[in-house]
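The structure appears right after this line, and notes come after that.
This is a predicted model, so every value here is computed, not measured.
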Amino acid sequence: MTSTDVRKDAEDSGPSGYAAARLRLLTEGARSGPPRRAALAELTDDWLAGLFTAGAGELRGVSLVAVGGYGRGELSPRSDLDLLLLHDGADPAAVAALADRLWYPVWDLGLALDHSVRTPAEARRTAAEDLKVQLGLLDARHLAGDLGVTAGLRTAVLADWRNQAPKRLPELQELCAERAERQGELQYLLEPDLKEARGGLRDATALRAVAASWLADAPREGLDDARRRLLDVRDALHLTTGRATDRLSLQEQDQVAAELDLLDADTLLRQVYEAARVISYASDVTWREVGRVLRSRSVRPRLRAMLGGGKPAAERSPLAEGVVEQDGEVVLARAARPDRDPVLPLRAAAAAAQAGLPLSLHAVRRLAGTVRPLPTPWPAEAREQLVTLLGSGRPTVEVWEALEAEGLISRLLPDWERVRCRPQRNAVHVWTVDRHLIETAVRASEFTRRVSRPDLLLVAALLHDIGKGWPGDHSVAGEIIARDVAARIGFDRADTAVLSTLVRHHLLLVETATRRDLDDPATLRLVADAVGTQSTLELLHALTEADALATGPAAWSSWRGSLVADLVRRVSAVLAGEAPEEPEPAAATAEQERLALEAAATGGPVLALRAQTEPPAEEPSGEPEPLGVELVIAVPDQPGVLPAVAGVLAMHRLTVRTAELRALDLPDGVDGSVLLLAWRVAAEYGSLPQAARLRADLVRALDGSLDIAGRLAERDAAYPRRRGVVAPPPRVTVHPAASRLATVIEVRAQDAPGLLFRIGRALEDAAVRVRSAHVSTLGANAVDAFYVTGPEGAPLPGGEATSVARKLEEMLRG
């Protein structure tokens with residue numbers, strides 16, 4: 001069906017005909033994107049013009065005007081209709097009657113309507129008071145009625161905007177900044193608001209307003225395409241949800257991707273991120289130019305008076321060879337020759353980051369258009385300038401983004417293209433892969449005084465997740481890429497080996513510290529063998545902390561940092577030749593022995609809670625940060641202790657961070673056997689429960705009168721779950737080489753209330769004893785390691801261990 005056919009149906013049938021024609025237009029599979037938005041706007045124009053003509057009669061000096069998104073012809077399937085009924089002071093009753101003839105048919109069709117009735121003077125006065133109204137009027141478009149009235153308003157509004165630009169543009173910039181603070185950055189969000197987030201459609205509209213002021217203009221390359229892409233995604237979102245929403249929720253991304261004929265939701269997000277990055281970069285450049293122009297205007301009259309009216313030359317301060325500062329930006333020197341100086345992009349970037357200044361758009365584009373490729377391997381200066389750039393701290397981010405916007409990063413590091421704008425579907429990560437790598441370098445720059453080779457630390461930070469652009473284990477793929485990149489940028493064989501080791505094992509320390517028994521010599525030997533040298537261990541420690549801090553607030557804590565530091569200390573001793581001794585049964589403290597004797601005497605559990613804190617390492621004036629609460633329980637040896645304790649803690653909303661269980665030898669003359677459980681726990685929210693309440697519930701759990709499974713099931717049924725988000729299946733694996741003292745079974749599953757209780761009950765049913773448990777939770781993912789033995793205290797035979805793991809996995813899947 002052609003646009004003419006659709007419009008004819010609308011004209012022939014009135015409102016119902018318009019509704020039918022609109023529906024046909026929106027469901028035509030062959031038409032989408034700008035053609036459909038334009039056709040929908042044209043169809044709506046014709047319908048509203050018909051309503052206006054029928055209702056206006058002999059009324060003169062009145063016009064119907066589309067403003068805002070409708071004025072731009074950007075009608076998505078569920079867009080509001082932004083309309084202004086403009087009149088020159090005509091009969092108020094007649095104007096009101098005409099307004100009713102226009103608004104009610106729109107409402108009757110269920111369309112959202114933003115409407116107003118004003119004279120040109122009233123419209124200008126309202127615009128002067130309300131910036132959002134003025135922005136909408138900048139896109140005013142005549143629909144019907146007196147064209148002269150509309151044209152007069154448009155001319156006046158544009159003149160007002162240009163005259164008031166020095167005042168209104170700073171207001172607009174502040175409005176954009178407030179919105180960005182509230183909504184976040186579109187290019188990094190897993191559930192972005194396509195309109196309101198920074199780099200979204202609102203910012204694209206703001207750039208149009210800046211251009212209309214004639215004060216400054218945005219970089220236009222790629223901007224229209226980025227805006228179109230976001231509008232296409234919004235169209236598909238409206239069609240798949242049937243709602244006027246701009247929020248691209250997780251559960252709708254697959255449907256939206258399918259509507260746009262994209263491979264999957266990740267491809268969709270990557271396109272959204274790329275578009276947002278173009279708009280964000282254009283916004284940064286544009287607002288910087290606005291500030292420069294406004295500063296120049298405020299200073300120039302005074303300078304002209306002092307210099308007798310001559311135009312002063314811009315001051316240029318040298319920063320590096322071929323690089324100068326001018327007017328708050330880093331630009332190329334007049335004598336610079338990018339075509340003969342392949343190191344110039346890195347030198348200019350390093351100088352800009354070191355000075356805390358932005359690279360000018362003109363300079364970056366000139367470099368992108370004329371610079372020669374670096375030879376392989378890179379000259380020493382290029383490598384040194386890259387390290388300087390990476391070590392410059394927070395200013396590195398803006399400079400890197402400028403290089404990336406013009407394609408220079410992918411030319412310097414071709415492997416970067418695979419991680420550029422790549423989403424990370426993990427609630428722990430707050431950045432895309434590429435931004436996470438730069439954030440890690442920024443964090444690593446804070447630790448360069450802690451290591452003997454800061455250059456290797458910074459380059460490892462840049463490359464540690466580079467393998468996420470390839471299938472399989474990203475650490476394994478990253479090791480190969482890092483070796484190739486290191487050789488290409490000029491590191492020698494020994495340094496290349498260190499970099500590849502750091503990338504391969506960048507998760508080793510934190511995973512071992514939180515999931516393995518550090519008293520087990522096998523644990524320490526495995527880490528020492530992987531690391532090899534003290535200097536590599538030192539680098540890996542700094543990289544581990546930088547990586548975690550750059551991931552997000554959930555990835556690092558004083559507790560996790562203390563575990564990693566303890567592991568590093570122990571492994572350092574092994575590397576120094578101090579072989580770890582086989583652990584002996586730990587002697588009970590006085591408090592533990594007291595609890596054990598009380599448990600033996602009473603025949604029931606006894607417990608103690610004690611807060612654990614760590615003094616601040618960097619700021620002497622800071623407050624100690626809580627590491628959690630130490631929970632010590634002594635209970636007469638009996639079946640079901642682990643699931644009973646885990647279940648009671650889950651009922652009281654206590655998160656288990658570490659757990660250790662062992663039998664305690666009682667003094668001579670005391671009968672019976674006592675189990676000692678030394679756990680570290682933390683409250684999910686609120687304050688800790690009283691020890692007496694925990695003990696009372698534990699007594700009931702052990703004697704079978706407390707239905708833990710039922711209580712947790714009730715809570716699980718009420719636990720909020722996001723519709724459409726399907727967690728990956730649980731995975732249970734055996735690590736036979738992780739310990740000679742026990743069998744290590746690792747469980748990876750979606751975290752949920754009572755998970756440790758269910759695991760403990762399954763291990764109890766399998767007739768194995770848990771020697772210790774190491775619990776780690778990152779976002780929605782739990783990774784728990786259990787050191788288990790048979791009833792006699794020996795590791796499980798291989799076949800039995802595999803069977804236990806398989807049954808545990810089946811239980812978790814069920």
Side-chain angles (χ1 to χ4, degrees), residues 467 472-480 497 500-534 536-537 540-541 544 563-564 566-585 658-662 730-749 759 762-763 766 768-776 781-809:
D473 186 333
H474 77 279
S475 298
V476 175
E479 178 185 15
I480 299 169
S500 61
T501 297
L502 292 174
V503 172
R504 173 67 181 86
H505 296 297
H506 69 273
L507 297 174
L508 177 65
L509 294 184
V510 72
E511 289 186 347
T512 302
T514 56
R515 303 173 192 173
R516 295 292 181 266
D517 184 356
L518 303 191
D519 290 325
D520 192 327
T523 299
L524 305 182
R525 288 195 180 96
L526 282 172
V527 176
D529 290 345
V531 173
T533 66
Q534 292 279 11
T536 303
L537 177 64
L540 190 60
H541 188 190
T544 298
L563 293 179
V564 171
D566 184 30
L567 172 61
V568 169
R569 178 183 58 79
R570 295 177 185 228
V571 173
S572 180
V574 172
L575 291 171
E578 302 173 18
E581 299 178 358
E582 297 292 337
E584 297 179 359
T658 61
E660 183 178 331
L661 301 84
R662 60 188 173 95
R731 183 182 178 192
V732 181
T733 54
V734 178
H735 296 266
S739 174
R740 291 190 295 107
L741 307 174
T743 298
V744 179
I745 296 178
E746 186 176 87
V747 178
R748 294 172 179 257
I759 294 172
L763 293 174
V768 299
R769 298 185 64 181
V770 178
R771 178 175 175 269
S772 65
H774 303 268
V775 177
S776 177
N781 298 301
V783 184
D784 303 339
F786 300 89
Y787 283 66
V788 303
T789 66
E792 291 76 27
L796 303 179
E800 184 178 344
T802 302
S803 176
V804 170
R806 185 171 61 252
K807 291 178 180 178
L808 183 55
E809 186 170 278

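For S572, the side-chain hydrogen bond (donor to acceptor under 3.5 Å, both in side chains) partners two or more places apart in sequence, or in a different chain, are Q534. In terms of the ring pair (Phe, Tyr, Trp, His ring centres under 6.0 Å) criterion, residue partners of Y787 (sequence neighbours excluded) are, by chain and number, H774. With sequence neighbours excluded, the residues forming a side-chain contact (heavy atoms from CB on, under 4.5 Å) with A477 are W470, listed by chain and number. With sequence neighbours excluded, the residues that form a salt bridge (Lys or Arg N to Asp or Glu O under 4.0 Å) with R504 are E479. With sequence neighbours excluded, the residues forming a ring pair (Phe, Tyr, Trp, His ring centres under 6.0 Å) with H474 are H506, listed by chain and number.
Distance alone, capped at 3.5 Å, is enough to place a donor-acceptor pair between the T743 side chain and the L796 backbone.
In plain terms, the two heavy atoms of S475 and L507 that are nearest each other are OG-CD1, 4.3 Å. Nearest heavy atoms, V564 versus V510: CG2-CA, 3.9 Å. V568 and L509 make their closest contact through CG2-CD1, 3.9 Å (heavy atoms, listed as atom of the first residue, atom of the second, distance). In this structure, R516 and A785 approach most closely via the heavy-atom pair NH1-CB, 3.4 Å. Summarising the geometry of T523 relative to D517, their closest heavy-atom pair is OG1-O, 2.9 Å, with the distance given to 0.1 Å.
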Would V788 and V804 count as a side chain to side chain contact (heavy atoms under 4.5 Å, CB included) if you check the C-alpha gap in whole Å, the side-chain angles of each, and the deciding distance to 0.1 Å? CA-CA 10 Å; V788 303; V804 170; over 6 Å; no
Might you work through the side chain to side chain contact (heavy atoms under 4.5 Å, CB included) test for V531 and H505, ending with a clear yes or no? CA-CA 8 Å; V531 173; H505 296 297; 5.9 Å; no
Run the side chain to side chain contact (heavy atoms under 4.5 Å, CB included) check on T544 and L508 step by step: do they pass? CA-CA 8 Å; T544 298; L508 177 65; over 6 Å; no
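One finds the CZ atom of R569 at 9.5 Å from the CG atom of L518 (value rounded to the nearest 0.5 Å). Distance CG/L763 to NZ/K807: 12.0 Å, rounded to 0.5 Å.
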Determine all donor-acceptor pairs shorter than 3.5 Å in which one atom belongs to a side chain in residues 731-739; sequence neighbours excluded.
residue: T733; atom: OG1; partner: H735; partner atom: NE2; Å: 3.3
residue: S739; atom: OG; partner: D520; partner atom: OD2; Å: 2.1
residue: S739; atom: OG; partner: L741; partner atom: N; Å: 3.0
residue: S739; atom: OG; partner: A742; partner atom: N; Å: 3.3

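Side-chain contact between D784 and I745: absent, with no pair of heavy atoms (C-beta onward) separated by less than 4.5 Å.
A salt bridge links R570 to D566: one of the charged nitrogens lies within less than 4.0 Å of a carboxylate oxygen.
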